[in-house]
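From a predicted model like this one, the values you see are computed outputs, not experimental measurements. The sequence lines fix the lettering, A, B, ..., with proteins before strands; numbering per chain opens at 1.
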Amino acid sequence: MEKIKRTKVVDLLKSTEYDRTVNVKGWVRTKRGNNKIAFIALNDGSVIHNIQIVVDVPGFDEEILKKITTGASVSVTGKLVKSLGKGQPVEIQAAEIEVYGTADPATYPLQKKGHSMEFLREIAHLRPRTNTFGAVLRIRHSLAFAIHKYFNDHGFFYLHTPIITGSDAEGAGEMFRVTTLDAKNPPLLENGEVNFKEDFFGKQTNLTVSGQLEAELGALALSQVYTFGPTFRAENSNTPRHLAEFWMIEPEMAFYDIHDDMDLAEDFLKYLVQYVLDHNSDDLEFLNKMFDKELIRRLQSTMETKYKRLDYTTAIGILEKSGKKFEFPVSWGVDLQAEHEKYLVEQHFKKPVILTDYPKDIKAFYMKQNDDNKTVRAMDVLFPRIGEIIGGSQREEDYDKLVRRCNEMNIPEQEMWWYIETRKYGTVPHSGFGLGFERMVLFITGMKNIRDVIPFPRTPQNAEF
RNA sequence: UCCUCCUUAGCUCAGUUGGUUAGAGCAUCUGACUGUUAAUCAGAGGGUCGUUGGUUCAAGUCCAACAGGGGGAGCCA
């Protein structure tokens, strides 16, 4: 038989050109039947659905059919026909089957039946072959693409900020050290401390915790830039919302005040949700059915509503008047705890909330100071189920105020000279925010644990795959 | 890092006040069935009860330490 080009399952299922010979390649999900007829559900990851292969058993070598078990990889050539059974539009009547790789059923860990997420994390090398991870990974891709598309279509430039950074003053958490020094025998100074002058870069370096400061440099030249890259936090965080290695999106815009910043954040989030609703409906329906019956409705409701915007001081008033007993008592000046954010978003307003103008003492040094000398132009977007999904602010563009704030917060001015100097030459008002990519995937897929929305999660005590 | 719960077959779990030979469903294997839909029906195999130590005549069951995992909290995105 002449060689026929492979067609993906996603295209075969949409095809109405019946009775033509096609070739499909993929991994067996199930085989069932008897000694006359067998049905193989084949999946190639192009779509959540399988294509059904119909096998006339007496016409095939028994040894080949024996190898076709759950997990095996095969190439099937045959006639694409309208399905005789219910449940699928088309099926393939197999004429030729080649087995690429077998999967011993006695040891292959993936069964036809569902597995717990905890078990699947232990077999991260195989879990992409499940329906759930296929759906999550396709949605993750869609979201990444939509992010680039949104910014590209809005005149932003993709700026690549460094992954290895020489500054440790960003204040966004513990950092991973990057070094080529011998851990057992490092060069020492006379006082016994490690001599980092002999290290690869001639100074202490770390993995980045944020590309924001560098993104600001880009915005102060290109007007609108964004970063989309990996970030690293060496915090000992063991929660369903934290990773040691995660991806972050950080747009930074010159000539934007905090209101422009909030407008962009809200429009951006809605665009991403709508993009996935439009392009991944099969995967969303699967997740909605299997994991989270409210998922699609919740996504749609965040599209329809306008996010509630209010300042920190007003929010504190609402919490104080709520009459609720919080584990952490509320008063002006405290940082909002998860329980407080949950109350505001899920009980009081019942919609996403954008909180602004936080006390300066609980926020970073680079945020623009308000005239009240108490608060800064920060804005956090709080989502149901997730909590803080975006953190952003208008940046302090005044040279003297920024230097004063650095001194107050013990930020080493000499290390940050390049950042501070942008306020000396052609400074402009500007703003930006950071979106945790995995938290967005978490929200859109309805998954419950952030370890299940990234292919290879990095968490404390876990870097197996 | 703190609090809390869990660890029994390949997977998901049950296992009584400590008491003979540790159970189920699914998966796997064998057989039956001419169109199945996470097929169905019948049968079979499969366990050092996370590890180490202790209490006891006797430990899957009680105690301790350690390891791994879940949930909550903090840190944050």
*Asks:* When we call it a touch if two heavy atoms are under 4.0 Å apart, what does A:Ala338 touch: a base, just sugar-phosphate, or nothing?
*Replies:* sugar-phosphate
*Asks:* Kindly determine whether A:Val22 and A:Ile92 satisfy side-chain contact (heavy atoms from CB on, under 4.5 Å), including the steps that lead there.
*Replies:* CA-CA 8 Å; A:Val22 297; A:Ile92 294 173; 3.8 Å; yes
*Asks:* With a 4.0 Å cut-off on heavy atoms, is A:Ser237 in touch with a base, just the backbone sugar-phosphate, or nothing at all?
*Replies:*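 Counting heavy atoms under 4.0 Å across all strands, the contact made by A:Ser237 includes a base.
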*Asks:* Starting at CG of A:Leu336 and ending at P of B:rC76, how long is that distance when rounded to a whole Å?
*Replies:* 13 Å
*Asks:* Nearest-Å distance, CD (A:Gln337) to P (B:rC76)?
*Replies:* 10 Å
*Asks:* With rounding to whole Å, what would you report as the distance between B:rU55 and B:rG43 at their C1' atoms?
*Replies:*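 About 45 Å, rounded to a whole number of Å.
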*Asks:* Over all strands shown, is A:Glu250 touching base, sugar-phosphate only, or nothing at heavy-atom distances under 4.0 angstrom?
*Replies:*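 Counting heavy atoms under 4.0 Å across all strands, no contact is made by A:Glu250.
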*Asks:* Take atom C1' in B:rU40 and the same atom in B:rG35, then report the distance between them in whole Å.
*Replies:* 14 Å
*Asks:* If we take the C1' atom in both B:rU16 and B:rA22, what is their distance in whole Å?
*Replies:* 14 Å
*Asks:* Measuring only the P atom in each nucleotide, how far is B:rC3 from B:rG19? A whole number of Å is fine.
*Replies:*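 Going atom to atom, P in each nucleotide, I get 32 Å.
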*Asks:* Would the A:His340 and A:Phe326 ring centres measure less than 6.0 Å apart?
*Replies:* yes
*Asks:* Can you confirm if the aromatic rings of A:Phe349 and A:Tyr307 lie within a centre distance of less than 6.0 Å?
*Replies:* no
*Asks:* Taking CZ from A:Arg241 and P from B:rC75, how many angstroms apart are they, rounded to a whole number?
*Replies:*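 Checked: the CZ to P distance equals 11 Å.
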*Asks:* Just the rounded figure in Å: distance from P of B:rC11 to CE of A:Met117.
*Replies:* 15 Å
*Asks:* Using a 4.0 Å heavy-atom cut-off, does A:Pro105 contact any base of the nucleic acid, only the sugar-phosphate backbone, or nothing at all?
*Replies:*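 Sugar-phosphate, no base atom in range.
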*Asks:* Using both distances under 3.5 Å as the test, list the Watson-Crick or G-U wobble partner of B:rA14, or none.
*Replies:*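 Checking every strand shown, B:rA14 finds no partner, since no pair has both distances under 3.5 Å.
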*Asks:* Below 6.0 angstrom between ring centroids: does that apply to A:His160 and A:Tyr158?
*Replies:* yes
*Asks:* Side chain of A:Ser116, heavy atoms from C-beta onward: which of B:rU12, B:rA38, B:rG10 has the nearest atom to it?
*Replies:* B:rU12
*Asks:* Between A:Asn449 and A:Thr70, just flag the one whose closest nucleotide in RNA chain B comes earlier from the 5' side.
*Replies:*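 Going by which nucleotide is closer to the 5' end, it is A:Thr70.
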*Asks:* Write down the distance between CZ (A:Phe119) and P (B:rU12), rounded to a whole number of angstrom.
*Replies:* 6 Å
*Asks:* Looking at B:rG46, which nucleotide sits across from it as a Watson-Crick or G-U wobble partner, both distances under 3.5 angstrom, or is there none?
*Replies:* none
*Asks:* Can you identify which nucleotide, out of B:rU12, B:rA39, B:rU37, has its nearest atom closest to the A:Gln88 side chain?
*Replies:* B:rU37
*Asks:* Regarding A:Thr239, tell me which of base, sugar-phosphate or nothing describes its non-hydrogen contacts under 4.0 Å with the strands shown.
*Replies:*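 If one applies the 4.0 Å heavy-atom cut-off, A:Thr239 turns out to touch a base.
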*Asks:* What interatomic distance, in whole Å, is found between C1' of B:rC33 and the corresponding atom of B:rG71?
*Replies:*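 Nearest-Å result for B:rG71 against B:rC33 at atom C1': 47 Å.
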*Asks:* Look at the side-chain N and O atoms of A:Arg29 and state whether any lies under 4.0 Å from the OP1 or OP2 oxygen of B:rU37.
*Replies:*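 So the side chain of A:Arg29 is outside the cut-off, no N or O lying under 4.0 Å from OP1 or OP2 of B:rU37.
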*Asks:* How far does the P atom of B:rG53 sit from the matching atom of B:rG15, given to the nearest Å?
*Replies:*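 The answer is 28 Å between these two P atoms.
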*Asks:* Answer yes or no: does a side-chain N or O of A:Arg32 lie under 4.0 Å from OP1 or OP2 of B:rC33?
*Replies:*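 False: A:Arg32 side-chain N/O out of range (4.0 Å or more) of B:rC33 OP1/OP2.
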*Asks:* Reckon A:Glu122 touches a base, only the sugar-phosphate, or nothing at all at heavy-atom distances under 4.0 Å?
*Replies:* nothing
*Asks:* How long is the line joining CD of A:Glu118 and P of B:rG71, in whole Å?
*Replies:* 7 Å
*Asks:* Please name the nucleotide paired to B:rU7 by Watson-Crick or G-U wobble geometry with both distances under 3.5 Å, or report none.
*Replies:* B:rA67
*Asks:* For A:Ile390, which contact category applies under a 4.0 Å heavy-atom criterion: base, sugar-phosphate, or nothing?
*Replies:* sugar-phosphate
*Asks:* Relative to the 5' end of RNA chain B, which residue comes earlier, A:His115 or A:Asn34, by the nucleotide with the nearest heavy atom?
*Replies:* A:His115
*Asks:* Would you mind reading off the distance between A:Phe39 atom CZ and B:rU40 atom C1', rounded to a whole angstrom?
*Replies:* 13 Å
*Asks:* Taking atom C1' in both B:rU1 and B:rC76, what distance in whole Å separates the two?
*Replies:* 15 Å
*Asks:* Heavy atoms under 4.0 Å, any strand shown: does A:Leu243 hit a base, just sugar-phosphate, or nothing?
*Replies:* base
*Asks:* Reckon A:Arg121 touches a base, only the sugar-phosphate, or nothing at all at heavy-atom distances under 4.0 Å?
*Replies:*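 Contact class for A:Arg121: sugar-phosphate only.
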*Asks:* If the C1' atom of B:rA27 is compared with that of B:rG47, how far apart are they to the nearest Å?
*Replies:* 16 Å
*Asks:* Atom CD of A:Glu235 to atom C1' of B:rC75: distance rounded to whole Å?
*Replies:*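 Spelled out: CD on A:Glu235 to C1' on B:rC75 is 5 Å.
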*Asks:* Counting Watson-Crick and G-U wobble pairs only, both distances under 3.5 Å, name the nucleotide matched with B:rC41, or none.
*Replies:*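 Per the H-bond distance test, B:rG31.
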*Asks:* Would you say A:Lys308 has more than 12 foreign heavy atoms packed within less than 6.0 Å of its NZ?
*Replies:*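 No, because the 6.0 Å sphere around NZ of A:Lys308 holds 12 heavy atoms or fewer from other groups.
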*Asks:* Is the A:Phe228 ring parallel, tilted or perpendicular to the A:Trp247 ring (thresholds 30°, 60°)?
*Replies:*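 Rings of A:Phe228 and A:Trp247: perpendicular, as their planes differ by over 60°.
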*Asks:* For B:rG35, does the base pair up with any side-chain atom of A:Glu91 as donor and acceptor (N or O, under 3.5 Å, distance only)?
*Replies:* yes
*Asks:* Which of the following nucleotides, B:rU37, B:rG69, B:rG74, is nearest to the side chain of A:Phe328?
*Replies:* B:rG74
*Asks:* Nearest to the side chain of A:Asn238, heavy atoms from C-beta on, is which of B:rA39, B:rU1, B:rU37?
*Replies:* B:rU1
*Asks:* Check whether any side-chain N or O of A:Asp357 sits under 3.5 Å from a backbone N or O of A:Arg377 as a donor-acceptor pair, and report yes or no.
*Replies:*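 Not at all, since once roles are kept as given, no pair shorter than 3.5 Å links the two residues.
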*Asks:* Does the B:rG10 base have a donor-acceptor partner in the side chain of A:Gln111 within less than 3.5 Å?
*Replies:*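 In this structure, the two groups form a donor-acceptor pair.
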*Asks:* Give a yes or no answer on whether the side chain of A:Thr208 reaches the backbone of A:Thr231 with a donor-acceptor pair at less than 3.5 Å.
*Replies:*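 Not a single qualifying donor-acceptor pair exists.
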*Asks:* Among B:rA39, B:rC76, B:rC33, which nucleotide has an atom closest to any side-chain atom of A:Arg233?
*Replies:*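 That would be B:rC76.
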*Asks:* In the strands shown, is B:rC75 matched to any nucleotide by a Watson-Crick or G-U wobble pair with both distances under 3.5 Å, and which?
*Replies:* none
*Asks:* Given A:Ile147 and A:Phe437, is the side-chain contact (heavy atoms from CB on, under 4.5 Å) satisfied, shown in steps?
*Replies:* CA-CA 10 Å; A:Ile147 286 162; A:Phe437 184 54; 3.6 Å; yes
